[in-house]
K.L.:
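Below you will find the structure I want to go over with you.
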Amino acid sequence: MRILCVTVLVFICCNANGQNLKSGGKLDPDQANMDIRHYTVVLTVDPADQSIDGYTETDLVLEKPAERIVFDLTQVLQVKKIWVNSKEQQFEHRDHRIFISSAAPFKAGKQKVKIAYGGKPAIAERAPWISGFQWEKDSQGNPWISISCQGEGAKIYFPCKDHPSDEPNEGADMIITVPKGLTVAGPGLLKKVSDKKGWSTFHWKTNYTISNYCILFNVGKYSLVSRDYTTIDGNKVPMQFYVLEENKSKAAHHLDLLERSCRVLEKYFGEYPWAKEKIGIAETPHLGMEHQTMNAYGNKFKYVKLGGEDFDWLLHHEFGHEWWANKVTNRDWAHMWIQEGICTYGDALIVRDMEGEDAYVKRMQQTARNAQNKLPIVQGEEIDSDQTYHGDIYGKGAFFMHTLRYVMGDEKFFPTLKRLATDPQYTYHNTVVTKDVEKLFSEAYGKSLDPLFKLYLYTTNKLEISVRQTGEDKYLVRLLNLDMQIPLDITSDTGTQTITATSKGVTVTSKSMVIVDPKVFYLKKVTYE
Ligand SMILES: [Zn+2]
């Protein structure tokens with residue numbers, strides 16, 4: 001998720017409805033033993049009393065025999081009955097967890113867990129940051145229902161294993177019933193719509209792996225505006241916009257912008273990741289979220305100009321998450337910068353494409369000025385979504401990519417970035433952490449980039465550079481806190497040259513005081529001695 005404006009970052013810790021729900025963190029040992037294969041979520045959604053009712057069926061594999069199976073589900077909802085492989089089981093629902101036990105241990109291998117539940121899900125206080133359900137109405141008075149839960153996890157509305165390390169390998173089915181006349185927009189492909197006594201049931205199905213906070217739906221009096229998109233690899237994909245009827249006339253132009261964003265992102269990051277299903281967006285009452293194949297869009301068609309053309313930052317950013325977050329997923333929220341920082345770098349890359357290299361450099365200079373450096377980007381391991389979330393994972397994370405590009409050079413950097421988004425070992429069910437990214441880039445560079453990764457991502461320190469005048473026209477330029485060689489631009493009285501800076505120092509000749517890194521490729525502190 002993110003959030004608007006080129007320079008202003010808005011971020012708020014996630015704290016749904018006073019429940020203080022967080023996602024991820026230390027994985028429960030009982031859940032570490034469970035590999036989620038597939039979710040089916042079957043719910044009736046009633047706007048009249050703001051309730052949900054139904055069941056979920058989860059296919060999972062237990063690695064070892066287990067005394068219990070543990071799911072996450074908010075206490076706000078009531079669990080009615082639970083069956084494991086069609087046999088009813090005892091359970092306890094406490095601390096937003098469901099503990100399912102059996103007289104004899106559950107055997108290793110496949111299990112099918114059905115949980116019947118319902119109630120009134122928590123209402124979002126400030127979606128998409130403090131999330132939950134939104135029971136809104138469009139300007140015509142029709143129900144307009146939205147869910148968001150990145151910070152809190154899908155446990156706000158269905159029983160799941162709420163940890164980013166485990167996506168359902170075989171995808172998810174959503175069978176959602178709403179009052180007739182409303183439309184459900186969900187992930188994957190719409191398999192079937194059926195009507196019964198004033199209610200309509202929509203069956204959405206994705207066969208792809210999917211993060212649990214993307215397994216959700218929006219409901220509204222939607223019109224469907226669609227076209228075909230041909231990917232960079234030549235595959236035809238439907239591009240669909242579930243737009244409120246009142247905004248239908250704006251949809252075609254909006255899809256033009258989405259198409260352009262897709263072309264630019266495919267150029268840098270490879271083919272659109274969900275080409276067998278769809279490119280989708282749904283209009284939502286909250287600002288936006290990267291819901292896989294059905295991005296939430298709530299920026300109200302507010303465009304700025306980029307390269308003289310209409311541009312929607314929110315639309316572009318959330319769509320970038322189809323690669324960074326949905327396809328390349330952090331295994332632990334501690335490494336969320338991989339999702340947000342690289343996605344935000346994609347926001348700068350479209351500036352490069354539409355306004356040129358200078359405009360891109362300027363944008364990164366602004367990004368550097370906004371870095372807070374109050375908390376490290378990676379604060380440890382097994383960190384939950386709440387603790388990990390702060391502004392620098394966006395801007396400073398993006399700026400780190402800018403620095404890497406300068407250090408490695410375009411011939412190495414861009415193919416490596418694309419490889420991170422396309423190589424099976426980093427994508428879909430193979431989730432990543434910072435070390436994976438570092439190893440990939442170091443390997444491509446031919447030398448270890450680990451010191452740079454450590455400095456930018458694991459500390460709040462800036463690169464410290466000392467400039468000492470050692471003679472009338474001699475300056476010694478030294479790195480003070482980075483133990484590796486890096487390129488560094490130095491402007492002297494005769495122009496700008498790139499030196500290989502080290503901790504030992506390099507002497508530069510100039511009749512005037514030298515300027516270090518004038519274009520700002522580094523977050524740095526320069527000391528003139
Ligand atoms: Zn984002």
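Whatever order the structure lists ligands and atoms in, that order sets their numbers, starting from 1.
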K.L.:
From E318, does some N, O or S atom reach closer than 2.8 Å to the Zn ion (ligand 1)?
P.N.:
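No, since none of the N, O or S atoms of E318 sits under 2.8 Å from the Zn ion (ligand 1).
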K.L.:
Which atom name does E340 have for its N/O/S atom nearest to the Zn ion (ligand 1)?
P.N.:
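In E340, the heteroatom (N, O or S) nearest the Zn ion (ligand 1) is OE1.
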K.L.:
Just wondering, are more than 12 heavy atoms of other shown residues or ligands nearer than 6.0 Å to NZ in K454?
P.N.:
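Counting neighbours around NZ of K454, 12 or fewer heavy atoms of other residues, nucleotides or ligands fall under 6.0 Å, so no.
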K.L.:
Among H254, E283, K300, whose side-chain hydrogen bond (donor to acceptor under 3.5 Å, both in side chains) with N247 holds?
P.N.:
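Only one of H254, E283, K300 forms a side-chain hydrogen bond (donor to acceptor under 3.5 Å, both in side chains) with N247, namely E283.
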K.L.:
Of the backbone and side-chain N, O or S atoms of C343, does one lie nearer to the Zn ion (ligand 1) than 2.8 Å?
P.N.:
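Given the 2.8 Å cut-off, C343 does not count as a ligand of the Zn ion (ligand 1).
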K.L.:
Heavy-atom distance under 4.5 Å between the side chains of D384 and K26, does that happen here?
P.N.:
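D384 does not reach K26 side chain to side chain.
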K.L.:
Any chance you could lay out the ring pair (Phe, Tyr, Trp, His ring centres under 6.0 Å) test for F133 and W135, step after step, and finish with the verdict?
P.N.:
CA-CA 6 Å; F133 269 62; W135 304 93; 5.4 Å; yes
